[in-house]
Structures are given as structure tokens and as C-alpha cells.
Amino acid sequence: MNFKKIEKKWQKIWEEEGIYKNYQRPKKFYVLDMFPYPSGEGLHVGHSRGYIATDVIARYKLMNGYSVLHPMGWDAFGLPAENYALKNKIHPKIAVDKNIKTFKKQLEKFGFTYDWEKEINTTDSNYYKWTQWIFLQLFKRGLAYESFEPINWCPSCKTGLANEDLEDGKCERCGSEIEKKPLRQWVLKMTAYAEKLLDGLRDLDWPESIKEQQRNWIGRSEGAEIEFRIKNLELRFKVFTTRLDTIFGCTYLVVAPEHEIIKDLELRIENLGEVKKYIDETKKKSEIQRMDLAKEKTGVELKGVKAINPFSAEGGSASGGNNEEIPIYVADYVLGHYGTGAVMAVPAHDERDWEFAKKYNLPIKCVIKPYVYPVNLNKHPQSDDEFWGQKNPELNKILSGEIFYNKDGNLIDSGQFTEMNLEKAREKMAKWLEENKFGSRKINYKLRDWVFSRQRYWGEPIPIIKCEKCGNVPVLEKNLPVKLPNVKSYEPTGTGESPLANIKKWVNIKCPKCGGLAKRETNTMPQLSGSSWYYLAYLIKKNKKYEWNKKEIKKWLPVNLYVGGVEHATRHLLYARFWHKFLYDIKVVSAKEPFKKLMNQGLILAEDGRKMSKRWGNVVNPDDIIKIYGADTLRLYEMFMGPFDQAIMWNTDGVRGMHRFLQRVYKLVQNFHAYRQAGKFEVESYNAKFKNDKLETLLHQTIKKITEDIENFRFNTAISSLMILFNEIEHANSAPSRSLSSRFGNANAPMRIEYFKTFLKLLSPFAPHLSEEFWSDLTSDSDNGRIKYKSIHREKWPKYNPKLIKEKQFELVIQINGKLRDKVSVPTGISQKEAEKIVLKRQKISEELVGEKIKKIIFVQNRLINIVI
RNA sequence: GCCGAGGUGGCGAAAUUGGCAGACGCAUCAGCUUUAGGAGCUGACGCCGCAAGGCAUGCGGGUUCAACUCCCGCCCUCGGCACCA
């Protein structure tokens with residue numbers, strides 16, 4: 001049977017009838033796929049897993065009376081497209097257009113419910129006009145700024161990169177080792193939204209792992225900033241700590257090599273040469289070398305300068321004002337960009353400081369006395385004796401600083417805070433700091449601002465004009481978009497300027513403010529900018545253009561369901577939330593968060609267990625599968641192969657199994673058809689005599705199960721119960737010669753077409769083409785030359801009757817001492833007394849019970865009976 | 001090191017509140033049918049055992065009439081973060 005022909009036929013009819021484009025219903029559902037980057041390799045079966053799932057949901061929601069928005073588009077700017085173009089000597093625009101065509105052709109074969117009128121493309125100037133517009137809004141509010149900091153530089157891609165674009169200190173795109181390079185950059189102040197981004201996570205229906213990843217990435221930590229004074233100087237500098245409670249154990253300070261205090265102290269540092277040499281050496285180290293944990297800690301003391309711990313300073317009375325002097329070190333284990341770039345070192349209670357102190361022979365002062373019971377608080381004490389009686393065996397080592405201790409206890413040797421527990425001490429000490437103006441409570445984040453410039457051609461131009469007189473001037477909104485000029489040579493320059501800098505005609509422009517000579521900004525935006533608002537673009541697209549439309553945005557947002565790969569956890573999903581929160585603050589969108597519910601699809605691995613890749617030659621192209629088995633088979637298989645969010649290996653044999661299943665459905669339809677032609681059954685609603693039979697019970701159980709499974713993304717079990725239902729329908733409707741009476745009673749019952757029709761509805765979200773075909777076979781009436789037919793996709797989703805899902809009989813499990821011994825079919829709702837009577841009479845059981853004394857009998861309603869002897 | 005997810009047949013996996021472990025599918029085997037085919041149908045299929053029965057959900061304990069499920073302690077795999085003070 002050629003399913004492919006059937007599929008093509010229905011795809012055409014659906015498109016013509018616009019069967020999905022019903023946007024007027026009161027209930028709405030916005031279901032979104034992460035739009036693909038159209039690579040040259042085309043779509044493989046791993047990509048389609050998510051698309052199939054959203055399509056199942058979209059069709060299911062349509063049948064449940066929702067307006068469903070299910071759009072698709074292309075994320076086509078960015079490095080990969082450009083690198084591909086460079087390699088193959090094709091202009092990126094041409095390459096991208098070609099790839100999009102291929103992708104679209106591939107997608108169309110699946111029979112998805114996309115509304116192609118809403119198709120978007122981030123490289124369309126009508127589209128990126130708004131990407132640029134959003135940038136301007138950020139700029140106008142001071143959230144886009146220029147910076148000259150050293151940033152991550154990929155020597156191979158010849159561009160700067162954001163923190164989020166690195167993997168293990170390497171370029172996420174090409175794998176080259178990243179260098180630090182000082183470069184003029186545009187940066188977005190994402191850190192201003194750190195707290196909001198963190199807060200917003202709370203109410204999102206996202207996988208916990210993704211939320212946790214974002215929390216870690218944002219990296220909030222509560223602590224305090226403390227000011228240390230330099231002895232005999234008016235200089236002060238701050239350190240950040242989360243362990244203020246350990247401050248009396250601080251025996252030295254460490255500043256990062258980048259720290260500016262070093263310059264301020266130059267005249268006082270006795271070993272300046274040595275210090276400078278050390279700083280130069282760390283500069284030479286790559287990020288990877290500096291991050292290497294295995295390596296020993298290094299550092300140099302700033303000789304001749306001392307700092308004074310404010311808790312021992314004269315001004316404060318915390319410990320009696322002995323003006324304790326502590327040495328200052330420069331060491332690269334302290335990061336310049338986090339906190340204040342300086343830390344107070346407490347070797348007794350911090351592993352890193354402890355290592356450093358050991359190496360350089362610095363004093364280690366213990367200020368926490370562990371509680372008496374064993375250090376391992378995770379392990380429950382087995383006895384009172386163990387709990388109270390035994391001293392911490394390592395106590396002396398801890399007190400002497402021989403080992404570091406970072407668990408709970410009480411403070412010792414800490415002035416007025418001695419004896420306090422750690423949490424209380426942190427609180428009191430912070431108060432003391434603030435009262436005596438030596439510092440304050442402080443919250444720090446690991447999150448860094450988004451480095452937003454790329455020194456490359458294939459991206460949205462940053463809409464800024466650089467005027468010598470007026471500085472950075474935004475392009476007037478009415479002059480947007482700033483179109484990316486079409487050029488022949490778009491090789492990256494490597495100079496820190498983009499290839500656009502060479503296009504004099506484009507670069508030179510009048511300043512919009514003063515009218516004087518000025519130049520355009522030649523940096524372009526990163527790949528992830530276009531995708532940071534695309535879910536809005538679908539809503540505001542109108543006749544191939546885009547017009548900001550708050551009403552439409554309000555109608556559809558937030559996205560009800562967003563499906564895509566887990567790899568976007570801390571990149572796209574964070575950026576998009578950042579932009580959205582900003583747009584919310586300037587009141588151009590109405591929802592606080594863009595994506596209410598998120599689902600991650602698991603990776604599909606190749607049959608050899610590796611990732612699908614051109615490199616390994618193990619890519620499975622959906623076209624090839626559809627050609628042989630049809631799209632519905634592929635759809636069904638991808639939904640059946642395993643839990644949706646789990647990585648799983650492709651198995652072509654499994655595809656055949658699904659095909660077999662659909663073939664059997666097809667055969668049964670033919671059977672029905674033949675019977676119908678012969679007038680052997682009437683198309684009637686099922687009549688009373690079939691009510692309450694086993695098949696009906698199963699039908700209602702299945703409706704319930706599949707409805708719940710689809711809602712919960714358990715497509716694999718949904719399909720499995722669909723198969724079970726079908727097996728029984730097939731069985732009940734096959735020739736009487738088969739022994740079906742045992743299962744469903746009346747072998748001579750006429751065809752139960754209503755049951756089968758319900759089955760088709762349940763099947764339709766998964767296998768839309770074939771269920772449509774079969775549906776029309778069984779429902780259309782072409783006798784008088786006119787085909788009367790209503791699409792199965794316009795049918796209502798079946799409802800189950802709670803009364804009918806209960807079985808009349810069930811198999812009572814009989815256990816003796818918890819072990820299965822026998823089973824017996826009894827009426828549902830049987831009482832313990834009745835059950836005991838039946839059970840004890842059974843031969844197998846009575847034999848077992850000979851000479852035994854029954855201790856008790858456990859009875860679980862409608863389930864089992866357990867005789868304890 | 002920290003955080004998160006997970007560990008069940010030959011394979012992908014199921015298993016409501018603790019209640020028949022292995023549903024459904026793949027592969028395999030046997031038979032039928034057929035006819036060449038990678039087709040169809042019927043049946044078997046966790047391990048040991050002829051059987052009765054016993055043993056089985058990463059390992060070791062515990063709670064319970066009853067544990068894949070709950071508690072304690074380990075081991076392993078995958079993903080993320082990683083000198084963030």
C-alpha cells in the first residue's frame with residue numbers, strides 16, 4: 001500500500017482548506033518549536049522529534065476546541081552560515097536561501113500543522129528591523145554600552161564571543177582555544193536583570209534541571225563587602241565574602257593580578273619587579289591554563305604593604321583594637337571579574353586558601369570549633385553513644401590547622417562573636433560592619449553582561465553612528481532597518497573590525513544629530529539576537545512585513561508550550577527571557593515571561609550509538625524513511641521509541657514495527673469497507689446490546705489514558721495503549737473462525753464501527769494522514785455522486801465516561817506470605833469475607849495451608865488477598 | 001569538587017496511593033501459509049530447572065503481610081557548572 005500518495009493528497013487538501021487556521025475561537029493555545037538554523041546538512045530525524053510532538057499537541061488542542069498557533073521559521077544569521085559560505089565560496093545569503101528551501105521541503109512531508117503565512121526569517125531586513133529596534137531601546141535606556149575590556153576572542157572565527165558561547169574554554173562553534181583580547185565591544189547589561197531572571201524562574205513550568213542550570217549560571221550569592229585599610233596610607237579596598245563569620249581567621253588577603261590597587265601601591269611595593277613579572281606571566285596564560293584546577297596555586301606577596309582587619313582596628317571595638325596587620329598577596333586563583341577582585345583568605349576554613357597557605361607557609365588560624373559529634377553530618381548516628389559520647393576524631397587536627405574545616409560549629413577566638421553559631425555570627429557581624437561603616441551586606445552574581453559585538457559580516461548591523469563630536473548616536477527609528485550591504489568579500493579581517501569597515505560607501509554617513517561627518521558602527525550582532533524575540537515576530541507579521549501589535553501579543557502570550565533541545569538552557573533561553581523582561585519593562589509586551597511551559601526533547605543517537613553527524617556518516621534523513629514507510633509511520637515511531645525527554649538510539653527495525661501496525665489498521669478498514677458495501681452493517685451509533693461489554697470498558701479506559709498521556713508528554717505509553725485497543729478491536733471484528741469468544745463474548749456480533757471510529761480519532765494526532773484517509777473511507781457518502789465528508793481533524797476529541805471505565809470482573813491475586821500462589825476472577829467490589837470464602841476453597845491454596853496456622857489475612861480491595869502463615 | 005537526571009530481559013522500555021515485575025514494540029526461535037523477496041498469520045520468549053519450584057529491578061543494609069517504588073550507606077553512567085571566595 002502506498003501511504004505516500006495518500007499523505008500527499010491530504011497535505012494538499014488541508015492546505016487548501018486552511019484547516020488549522022482557526023484563530024477566532026475563545027480558547028487559545030500557542031505551541032512553539034525552537035526554530036531551526038538551516039544548515040547545509042539538512043534536517044535529520046533527531047530534529048523532527050520535537051516538531052512531531054508539538055504537532056501532536058497542536059492537533060490534539062484543535063480537536064479540543066482551541067485556536068492553535070503553531071508557526072515555523074528560520075534562524076539564519078550567524079557564524080555557521082558564514083563559515084559554511086566561506087568554505088564553499090557561496091554568498092551566505094544564497095547558501096541560506098538554498099538551505100531553507102531544502103528544510104521546508106523536508107518539513108512539508110511530515111504533514112505538520114504549520115501556518116506558512118507566518119513563516120519568519122531572521123535575515124529578512126523587515127524582520128531584523130525590529131531586532132535593531134530592540135537594540136536601540138536598550139541603548140536609549142543605558143542597557144547597551146561600549147566597553148574596552150579584554151573579552152573572549154576566537155582566533156579561528158576571528159571574532160569576540162560571549163561567555164555563553166564557550167565550551168570548556170573553547171569556541172562553541174569551531175573548538176579553537178579562546179584567547180583574552182582587549183577589544184572595543186558592544187555589551188548588553190544583562191546583569192541588571194539578574195534578580196528578575198532568577199525570580200521569574202519560580203513560576204515557570206519548566207524542567208527542574210533547566211531552571212537549576214539557569215540558577216547556577218546566574219549564580220547569586222549573598223555575603224558582605226568589607227573594606228580593608230592599607231597601613232599608613234589613606235588607601236582602602238574591598239573584598240567580597242560569603243563567609244563573614246570566619247573573618248577572625250583571615251590571615252592574609254589576595255588580590256587578582258588585574259586589581260588596580262597594585263598600581264596604586266606601586267611606590268610602596270618593595271618587590272615590584274617580582275610582582276610585575278608574575279602579573280605578566282598570568283597574562284600569557286590561556287583561559288584553559290588558568291582554569292586548570294589540578295595545577296598548583298601560585299602568587300607573590302606585595303612586600304612592604306600591610307592591611308588592617310577592620311574587626312581589629314582601633315575604630316571598631318569588636319576584638320579590642322589591636323590593629324592586626326595582615327599581608328597582601330597577588331595570585332591568579334582569585335578572579336578579577338568576580339566580586340571585587342580581592343578576597344580575604346581564611347586558610348583554616350577554605351580549601352583553596354588552605355592550599356595556598358600551606359605552600360607559602362602562611363599562618364592558619366582556626367576560628368570554628370566543630371560540634372562534638374562526628375563531622376559527617378550526613379550519616380545518622382547509630383546510637384546515643386555515638387551521638388553524644390564520641391569526640392570528633394579530627395578535632396585536634398582542625399584546631400591546629402593541620403586540616404581545613406568547612407562545616408558547622410561554634411566560633412572561637414572571635415572577639416565578641418565567640419561562641420555564636422555561624423549563621424548568627426554572620427548576621428551580627430554584618431550589622432557591626434554597617435554600624436561602624438567598614439562595609440555592608442552585598443549580593444553578587446556570576447552572570448556577566450552579554451558581549452554583543454561580532455567582528456563578522458553575516459549578522460544584523462548594530463544601528464549606531466559614531467560621530468567624533470556627538471559620540472555614539474542611535475540611528476533614527478524611521479531609518480530602520482540598517483540593511484546589511486551586499487558585498488563580494490566578507491572574509492573576517494581579524495583586526496577587531498568587521499568586514500563592513502572596508503565598505504566606504506556604507507560606512508561614511510552624516511551624523512543624525514549634528515550633520516557632520518560620521519561613520520557607521522561596523523560590528524554586527526551575535527547569532528542569538530534574532531532568536532531572542534522571534535516568538536513575538538510570528539504574532540506581529542502582517543503581509544510579509546512586521547508591525548508591532550500589542551493586541552496580538554497580548555492575545556497569544558505567553559507561549560503555552562515551548563519545545564526544543566536542552567542545549568539552549570543557558571544561552572537562547574536566558575537571552576530571550578532577558579529581552580522579554582526588558583520589553584515588559586518598557587511596556588511593549590504584556591506577559592512577564594515569554595515561555596510558560598518548556599519541554600526538552602531527548603537526543604536521537606545514530607544506530608551506532610554516536611551522535612548523528614555528517615562526519616560519522618550515520619545521519620538518518622527523514623526523507624528516506626518517509627519514502628519507504630510514509631510520514632505517519634515515522635511520526636508514530638519517533639513518538640513511540642521512548643520517553644520524549646530521554647536520549648535514545650535510532651532503530652530502523654522499530655520503524656518497520658510501526659509500519660506493520662498501520663498496515664493492520666489499513667486492512668481492518670478494508671474489511672469494514674467490504675462489509676459496508678455488502679450492506680452487512682449500518683452506520684449507526686452503537687446500540688444498547690454492546691453497552692458495558694469488555695471492549696467498551698477498554699475503549700473508555702484507553703480514551704482516558706491517551707488523553708492524560710498526551711497532556712503529560714508520555715507519547716510512548718499513549719501509543720502502546722492505542723495498540724492494545726486496536727488489537728482488541730481487530731480481534732473482535734475478525735472472522736468468527738478465530739477464537740475471540742473467550743475475550744469478547746459474542747463472536748457473531750456485527751462490526752463495531754463506532755468503536756473503530758473513536759480509535760481513529762485517538763490515532764489522528766499521531767498519524768494524521770492515514771486516520772483522515774480511513775475516516776473518509778468510513779464516513780463519506782459518495783453514493784449520489786457528492787462526497788459528504790468532514791475532516792477527522794475537525795471532530796471533537798473523544799470523552800470517556802467515568803462509569804464505563806470500571807470493569808465488572810477482575811483477577812484477584814492470591815498470595816501466601818507475599819508470594820503469588822494463585823489467581824481467580826471475581827466480581828469487582830467483592831468483600832473480604834466473600835473473597836476469603838472463595839480463596840480458601842481453592843485446591844491449590846488449601847493444599848498449601850495444610851498443617852499451617854493462618855496468622856492474618858490482608859485484603860486489598862479489587863486487587864489482592866495475602867494469607868500470612 | 002558541586003548541582004541535576006538516571007541504573008529494570010538480547011534491545012527500546014512499562015508498572016496509580018508500596019500490591020501479579022517485564023505491558024507495548026523490536027530482535028530471536030518454532031509452526032502455518034506461501035512460494036523466490038527484507039511479505040502475512042499463529043505461538044514461544046527474564047535467568048536456573050525435565051518438572052515442582054527457586055532466583056531476579058546497580059550493590060549492601062533497614063521498614064513492611066508486601067519494596068523497582070519508602071529510609072540509610074555505597075557503586076556506576078549521562079548532562080551541566082567548575083579556583084565565583
Side-chain angles (χ1 to χ4, degrees), chain A residues 167-169 207-217 219-221 223 239-243 246 254 256 290-293 295 297 331-335 337-346 349-353 355-356 376 378-380 382 444-448 566-567 569-570 600 602-603 628 636-637 640-643 645-658 660-661 663-664 667 708 714 716-724 727 734 738-739 811-823 855-869:
Chain A
E167 262 172 24
D168 289 332
E208 199 44 47
S209 62
I210 300 279
K211 290 210 253 183
E212 199 54 30
Q213 273 187 55
Q214 290 213 348
R215 280 189 205 109
N216 288 343
W217 192 262
R220 181 184 199 272
S221 45
V239 303
F240 173 72
T241 181
T242 55
R243 292 300 305 275
T246 61
V254 193
R290 225 183 129 166
M291 281 187 329
D292 186 8
L293 275 172
K295 109 191 159 191
K297 298 202 166 19
D332 69 356
Y333 80 90
V334 170
L335 305 172
H337 56 73
Y338 180 77
T340 61
V343 303
M344 63 176 217
V346 185
H349 307 296
D350 180 284
E351 186 174 9
R352 298 152 299 181
D353 297 340
E355 275 177 31
F356 192 81
N376 189 351
N378 298 324
K379 198 184 160 205
H380 255 273
Q382 302 293 310
N444 262 323
Y445 302 91
K446 288 185 202 169
L447 187 74
R448 288 202 250 167
V566 69
E567 68 273 17
T570 53
N600 293 122
L603 218 59
I628 303 171
L636 209 56
Y637 172 65
F640 180 71
M641 62 197 303
D645 55 0
Q646 204 173 294
I648 204 150
M649 249 185 265
W650 180 262
N651 176 353
T652 304
D653 284 331
V655 181
R656 273 213 292 281
M658 291 301 114
R660 211 170 292 159
F661 171 61
Q663 291 278 10
R664 277 166 56 210
K667 274 188 191 160
E708 288 168 0
R714 290 192 297 250
N716 52 336
T717 50
I719 291 167
S720 123
S721 47
L722 208 51
M723 286 171 160
I724 293 169
N727 284 345
S734 38
R738 287 222 205 112
S739 58
E811 292 259 291
L812 179 72
V813 169
I814 307 168
Q815 296 180 333
I816 293 178
N817 281 353
K819 299 218 163 166
L820 177 70
R821 279 296 174 272
D822 201 2
K823 285 182 199 177
K855 276 194 205 153
K856 65 174 158 175
I857 293 178
I858 311 258
F859 177 74
V860 184
Q861 262 268 289
N862 297 339
R863 230 178 257 279
L864 62 73
I865 187 160
N866 186 11
I867 304 164
V868 186
I869 54 176

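Atom set for the values below is all heavy atoms of this structure, side chains included, hydrogens, waters and symmetry mates excluded. Labels below follow one simple rule: chain letters A, B, ... track the order of the sequence lines, proteins then strands, and each chain is numbered from 1.
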Measure from CG on L335(A) to P on A82(B) and round the result to the nearest Å. 11 Å
Return whichever of N817(A) or D353(A) has its heavy-atom-nearest nucleotide of RNA chain B closer to the 5' end. N817(A)
Tabulate atom names and distances for all N/O pairs under 3.5 angstrom spanning the protein and nucleotides 55-58 of chain B.
unit_1, atom_1, unit_2, atom_2, d
C55(B), OP2, K819(A), NZ, 3.2

E167(A): what forms a salt bridge (Lys or Arg N to Asp or Glu O under 4.0 Å) with it, not counting sequence neighbours? none
Sugar-phosphate means primed atoms, P, OP1 and OP2; the rest is base. With that split, encode nucleotides 21-34 of chain B 5' to 3' as B, S or - using protein heavy atoms under 4.0 Å. --BBSSS-------
Please list, chain by chain and in numerical order, all residues satisfying salt bridge (Lys or Arg N to Asp or Glu O under 4.0 Å) with D653(A), sequence neighbours excluded. R656(A)
Taking atom P in both C47(B) and G9(B), compute the distance separating them and give it to the nearest angstrom. 11 Å
Please identify each residue that fulfils side chain to side chain contact (heavy atoms under 4.5 Å, CB included) with A331(A), with sequence neighbours left out. V254(A), Y278(A), Y333(A), F356(A)
Atom CG of L603(A) and atom C1' of G12(B): how far apart are they, to the nearest Å? 16 Å
Set of residues satisfying side chain to side chain contact (heavy atoms under 4.5 Å, CB included) with respect to Q815(A), sequence neighbours excluded: V813(A), L864(A), N866(A)
Confirm from the modelled atom types if K855(A) and C65(B) form a donor-acceptor pair under 3.5 Å, side chain to base only. no
Can you list everything that forms a side chain to side chain contact (heavy atoms under 4.5 Å, CB included) with Q861(A)? Sequence neighbours excluded, please. F859(A)
Test for a donor-acceptor pair under 3.5 Å between the base of C65(B) and the side chain of K856(A), counting only N and O atoms. no
Gap in Å between the two P atoms, one belonging to G79(B) and one to C26(B), rounded: 30 Å
From CD of Q861(A) over to P of U16(B), roughly how many Å is that when rounded to an integer? 20 Å
Contact residues, residues 862-869 of chain A to RNA chain B [heavy atom, < 4.0 Å]: R863(A), L864(A), N866(A), V868(A)
Sequence neighbours excluded, which residues qualify as salt bridge (Lys or Arg N to Asp or Glu O under 4.0 Å) partners of R660(A)? none
Secondary-structure string, 5' to 3', Watson-Crick or G-U under 3.5 Å, | for another-strand partners, for RNA chain B: (((((((..(((......[....))).(((((.......))))).(((....)))..(((((..]....))))))))))))....
Counting the atoms with a prime plus P, OP1 and OP2 as sugar-phosphate, which does V566(A) contact under 4.0 Å by heavy atoms, base, sugar-phosphate, or nothing? nothing
Distance check, P atoms only: G80(B) and G58(B), in whole angstrom units. 25 Å
What's the base orientation of G37(B): syn (chi within 90° of 0) or anti? anti
Within the 4.0 Å heavy-atom criterion, would you say P643(A) contacts the bases, only the backbone, or no part of the nucleic acid? sugar-phosphate
When the distance from CG of L722(A) to C1' of A14(B) is rounded to whole Å, what number comes out? 16 Å
Non-neighbouring partners of E351(A) that pass salt bridge (Lys or Arg N to Asp or Glu O under 4.0 Å), sequence neighbours left out: none
Residues that Q646(A) engages under side chain to side chain contact (heavy atoms under 4.5 Å, CB included), provided they are two or more places apart: P643(A)
